[in-house]
Amino acid sequence: MADEPLDASPSAPSAAADADADGVFSPSSAAAAPAPALRPRREAFEHGLLPIPKLIFPEGTLTQTLAQLKERLAPRGPRVGAAALAEALQIPAEQAALALGTLAAVLPAEDPALGEDGVGEADLRDLLLFLYIQSYKRLVPRGHKDSPAVADVWPSTSAFDGCLSALSPIQFIRCNSRRFMPSQADEEAHQLSYLQKHMANILTLLADSIDGEGDDSMVLTVETFEHLGFLLQLSEGTPLSQGASFFANSDPDMPAAPVPASLVHDWILQHITSTLEFMAEKSSAKENSQQNASDPDVTMSDAVTNTRIHSSSPTGTSAPNNSGYYRNTTFVEGLSKTSVVKQASDMKGHSIKVLNCHDSVIYILAPLKYATVYGCSDTTIVLGAIGKVVKVEHCERVQIIAASKRICIANCRECTFYLGVNNQPLIVGDNHKLQVAPFNTYYPQLGEHLAQVGVDPNVNKWDKPFVLEVVDPHDSFSHPAGVSDVQAESATCLDPDLFMNFLIPSWFEPQGPTRYNPFTLPEVYWASQRKKHASLEDTQKNIRELEIDDNRKKELACALHAQFKDWLYASGNIRQLYCLQGE
């Protein structure tokens, strides 16, 4: 989708402020000036929601419950560990650890005290924001978005939607026409609207009380204000305080005076309203200019021209490149019967989304923070090095080969995951016939990419899935009674005799020291590999020793060729063979 960068924005009124006698800022004259767009941090909403009922509080008592939680935790200090969180929320220790690990994965910047894996202690303010957005409900399809009954909910296409339906994940997606599915812009607007509605309560949770009356008794420091960067952002890497007139250009050695929470609230609402109006105008203009385009999200003008695509079509022509950019995300969407490789130079931003691809092989050979695979079938997807989270949902018969800190698998069927993961694979939703196996490939720069994003190849928890409930409380659907506490189906380990190494074609000049799989293969899989190698050598030796004439040799070769071809089609590896032939 062609879209403006984060710092291309509408103009919004900015509030000027002056310090009063008590050192607290208060609004004075308002000066109209161009202001940067205020946008939601999609990572928090896309990768930070957990279907754990005890983390989700009823909206009517949400603020009160979190305020009470803050009162219980604050006396222990400004930071909260897993044990304290488990005790305060009355949840199992492993769920508390999962919550802190998920929080660490979606923070805008690493918190050294919490750690990349969330094994330390979280800042209480970050934790309160994380728990607050667990109340967020996903956007419904466009046909219902104006209904008052679903004014604060969101999509039926969540990985956990339809989890009790007889439809397969792909059938479920296809029965919801693409025209009615929320676009990236729709979801972002919905997230902004959610924050607009709840910002007063959020600021109340974060604010400090001082002597005074009315709104002036609740203030925010510049440090606390920056924690709102968990939910909102200006442009990539720009601190929120640099866009707010009441904190802009403050000296780190002389921290700015606290400001009334009401002033912060007004500033945020002004900018959210301005951004929403700008997005609505742009959407309206685009709809008027489009000529019944089937997908407004990714247009050919956004195509990445430097990505090499190998097609297996009979004509040998390259398939259309449906990859596009939306802010800091690269898209690979709608591929069918083709192969594509994307390297670091092809990426914009730190996220990749692979959407609705079928019967294809996709190689993402780049260091990234986030990856989403959605609605794919009969496809092999290699994700080279993902430093935060991989999310796979609504997929059928896909092979995912991923090296990552974390992976979440939701609502998938008959999929195999070859994993190098530093944390337990999270399995939620309606899954069937999932298999997990150790990581099985490499490419020349893999070791460098793993180090760059912080994935440790010496730690692999591929065979220790963490299974949560089938029903996601964040979706907008009602479910039959008695299923809300049913666990999702777990995954089984792939039979070692079925395990195979995966060869990545050399579509570019090999550059890098990695010449083997950096993740250690478990002994049972090593033994199987050695056994198959020895069996192959014995077979080759026996064939060489056969005393047969040339006609019989030709018959044997044809029989072996036919059996190999049948295996290629049955295993789904025929697509990779086309890739190798295309070099």
Asker: So, for His47 and Thr372, which heavy atoms are closest and what is the spacing to 0.1 Å?
Answerer: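 Scanning both residues completely, I find the closest heavy atoms to be CE1-OG1, 3.7 Å.
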Asker: As an exercise, state the distance from CD of Gln184 to CG of Leu355, rounded to the nearest 0.5 Å.
Answerer: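 Here the rounded value is 7.0 Å.
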Asker: Please determine whether side chain to side chain contact (heavy atoms under 4.5 Å, CB included) holds for the pair Cys415 and Ile400, giving the CA-CA distance in whole Å, both sets of side-chain angles, and the decisive distance to 0.1 Å.
Answerer: CA-CA 8 Å; Cys415 298; Ile400 302 291; 6.0 Å; no
Asker: Quick one: are Pro108 and Arg41 in side-chain contact, heavy atoms under 4.5 Å?
Answerer: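 Counting from C-beta outward, Pro108 and Arg41 do come under 4.5 Å.
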Asker: Side chains of Leu434 and Glu489: closer than 4.5 Å at any heavy-atom pair?
Answerer: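 Sidechains of Glu489 and Leu434: no contact.
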Asker: Going from CZ on Arg125 to CZ on Phe230, what distance comes out if it is rounded to the nearest 0.5 angstrom?
Answerer: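 Nearest 0.5 Å value for the CZ-CZ distance: 14.0 Å.
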Asker: So does Ala113 get a backbone contact from the side chain of Glu121, meaning a donor-acceptor N/O pair under 3.5 Å?
Answerer: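 No, because the side chain of Glu121 does not come within donor-acceptor range (under 3.5 Å) of the backbone of Ala113.
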Asker: Kindly indicate, with the supporting measurements, whether the criterion side chain to side chain contact (heavy atoms under 4.5 Å, CB included) is fulfilled by Met218 and Ser209.
Answerer: CA-CA 5 Å; Met218 304 295 291; Ser209 298; 3.4 Å; yes
Asker: Less than 4.5 Å apart, side chain to side chain, heavy atoms only: is that true for Leu231 and Ile202?
Answerer: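 A side-chain contact under 4.5 Å exists here.
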Asker: Would you please test Glu46 and Lys353 for salt bridge (Lys or Arg N to Asp or Glu O under 4.0 Å) and show each step?
Answerer: CA-CA 12 Å; Glu46 292 180 354; Lys353 288 192 175 183; 2.9 Å; yes
Asker: For Leu368 versus Ser351, what's the shortest heavy-atom pair and its separation?
Answerer: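 That would be CD2-N, 4.2 Å.
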Asker: Starting at CZ of Phe466, measure out to CD of Gln95 and round the result to the nearest 0.5 Å.
Answerer: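 Spacing of CZ (Phe466) from CD (Gln95) equals 5.5 Å.
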Asker: Counting N and O atoms only, with roles assigned by atom type, does the side chain of Thr61 sit under 3.5 Å from a partner on the main chain of Gln64, one being a donor and the other an acceptor?
Answerer: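 It does not hold such a pair.
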Asker: Could you label the plane-to-plane angle of the Tyr194 and Phe45 rings as parallel, tilted or perpendicular, counting under 30° as parallel and over 60° as perpendicular?
Answerer: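 Tyr194 vs Phe45 ring planes: perpendicular.
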Asker: I'd like to know if the side chain of Glu414 reaches the main chain of Lys433, judged simply by a donor and an acceptor atom lying under 3.5 Å from each other, with no hydrogens or angles considered.
Answerer: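 Flag not set: sc Glu414 to bb Lys433 has no pair under 3.5 Å.
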Asker: Has the side chain of Glu226 got a donor or acceptor atom that lies under 3.5 Å from a matching backbone atom of Val222?
Answerer: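 No, because the side chain of Glu226 does not come within donor-acceptor range (under 3.5 Å) of the backbone of Val222.
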Asker: Do Leu38 and Leu240 come within less than 4.5 Å of each other through their side chains, counting heavy atoms only?
Answerer: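 When only atoms from C-beta onward are counted, Leu240 and Leu38 do touch, with a gap below 4.5 Å.
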Asker: Give me the atom names and distance for the closest heavy-atom approach of Val436 to Ala491.
Answerer: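 Closest approach of Val436 to Ala491: CG1-CB, 3.9 Å.
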Asker: Any chance you could lay out the side chain to side chain contact (heavy atoms under 4.5 Å, CB included) test for Arg406 and Val421, step after step, and finish with the verdict?
Answerer: CA-CA 6 Å; Arg406 297 177 177 274; Val421 287; over 6 Å; no
Asker: With a 3.5 Å distance limit and no angle check, can you tell me whether Thr330 reaches the backbone of Lys348 through a side-chain donor-acceptor pair?
Answerer: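 Yes, because the side chain of Thr330 sits within donor-acceptor range (under 3.5 Å) of the backbone of Lys348.
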Asker: Could you check if a side-chain atom of Leu98 sits within less than 4.5 angstrom of a side-chain atom of Ile52, using non-hydrogen atoms only?
Answerer: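 The answer is yes; the side chains approach within 4.5 Å.
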Asker: Mind listing the closest non-hydrogen atom pair of Ser490 and Pro465 along with its distance?
Answerer: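 Looking at all heavy atoms of both residues, the shortest contact is OG-CG, 3.5 Å.
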Asker: How long is the straight-line distance from CG of Leu192 back to CD1 of Ile272, given to the nearest 0.5 Å?
Answerer: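 One finds 5.5 Å between CD1 of Ile272 and CG of Leu192.
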Asker: How close do Leu419 and Pro425 get, heavy atom to heavy atom, and via which atoms?
Answerer: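 Looking at all heavy atoms of both residues, the shortest contact is CD1-CG, 3.9 Å.
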Asker: Quick check: does any side chain N or O of Thr379 sit under 3.5 Å from a backbone N or O of Ser377, one acting as donor and the other as acceptor?
Answerer: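 Checked: pair present.
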Asker: Measure the acute angle between the ring planes of Tyr136 and His190, then classify it against the limits of 30° and 60° as parallel, tilted or perpendicular.
Answerer: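 Tilted.
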Asker: Between atom CG of Leu220 and atom CG of Leu206, what is the distance when rounded to the nearest 0.5 Å?
Answerer: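 Interatomic distance, Leu220 CG to Leu206 CG, rounded to 0.5 Å: 6.0 Å.
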Asker: Could you tell me whether the side chain of Lys342 reaches within less than 4.5 Å of the side chain of Val332, counting heavy atoms only?
Answerer: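 Val332 reaches Lys342 side chain to side chain.
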Asker: Under 4.5 Å between any side-chain heavy atoms of Asp123 and Arg79, yes or no?
Answerer: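 Yes; the side chains approach each other to less than 4.5 Å.
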Asker: Going by atom types alone, do Thr204 and Asn201 pair a side-chain donor with an acceptor below 3.5 Å?
Answerer: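 On atom types as modelled, these side chains do not qualify, holding no pair under 3.5 Å.
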Asker: After noting the C-alpha distance and the side-chain angles of Arg413 and Asp430, does the key distance pass the salt bridge (Lys or Arg N to Asp or Glu O under 4.0 Å) rule?
Answerer: CA-CA 8 Å; Arg413 297 191 182 187; Asp430 185 32; 3.6 Å; yes
Asker: Using atom types as modelled and distance alone, determine if a side-chain donor or acceptor of Asn411 lies under 3.5 Å from a backbone N or O of His394.
Answerer: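 Answer holds: no.
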Asker: For His358 and Asn356, test the side chains for any donor-to-acceptor distance below 3.5 angstrom and give the result as yes or no.
Answerer: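 Judged by distance alone, the side chains do not pair up.
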Asker: Between Lys405 and Glu116, does any side-chain N to carboxylate O distance fall below 4.0 Å?
Answerer: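 Here Lys405 pairs with Glu116 in a salt bridge, since their nearest N and O are under 4.0 Å apart.
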Asker: With rounding to the nearest 0.5 Å, note down the distance linking CZ in Arg39 to OG1 in Thr275.
Answerer: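 OG1 of Thr275 is found 6.0 Å from CZ of Arg39.
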Asker: Quick one, Leu55 with Leu89, criterion side chain to side chain contact (heavy atoms under 4.5 Å, CB included). Give me CA distance, side-chain angles, the key distance, then yes/no.
Answerer: CA-CA 8 Å; Leu55 296 186; Leu89 295 178; 3.5 Å; yes
Asker: May I ask you to say whether Arg72 pairs ionically with Glu87, meaning some side-chain N is under 4.0 Å from a carboxylate O?
Answerer: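 A salt bridge is absent here (no side-chain N lies under 4.0 Å from a carboxylate O).
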Asker: Shortest non-hydrogen contact from His227 to Leu129?
Answerer: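 Taking His227 first and Leu129 second, the nearest heavy atoms are O-CD1, 3.2 Å.
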Asker: Under 3.5 Å, side chain of Ser404 to main-chain N/O of Ile386, donor-acceptor pair present?
Answerer: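 Judged by distance alone, yes, a pair lies under 3.5 Å.
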Asker: Give a yes or no answer on whether the side chain of Thr273 reaches the backbone of Gln270 with a donor-acceptor pair at less than 3.5 Å.
Answerer: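 Here the side-chain-to-backbone pair does not exist.
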Asker: Using side-chain heavy atoms (C-beta onward) and a distance below 4.5 Å, is Trp267 in contact with Phe225?
Answerer: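 Yes, their side chains come closer than 4.5 Å.
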Asker: Taking Gln134 for its side chain and Gly48 for its backbone only, find out whether a donor-acceptor pair lies under 3.5 Å.
Answerer: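 The answer is yes, because a donor-acceptor pair under 3.5 Å joins these two groups.
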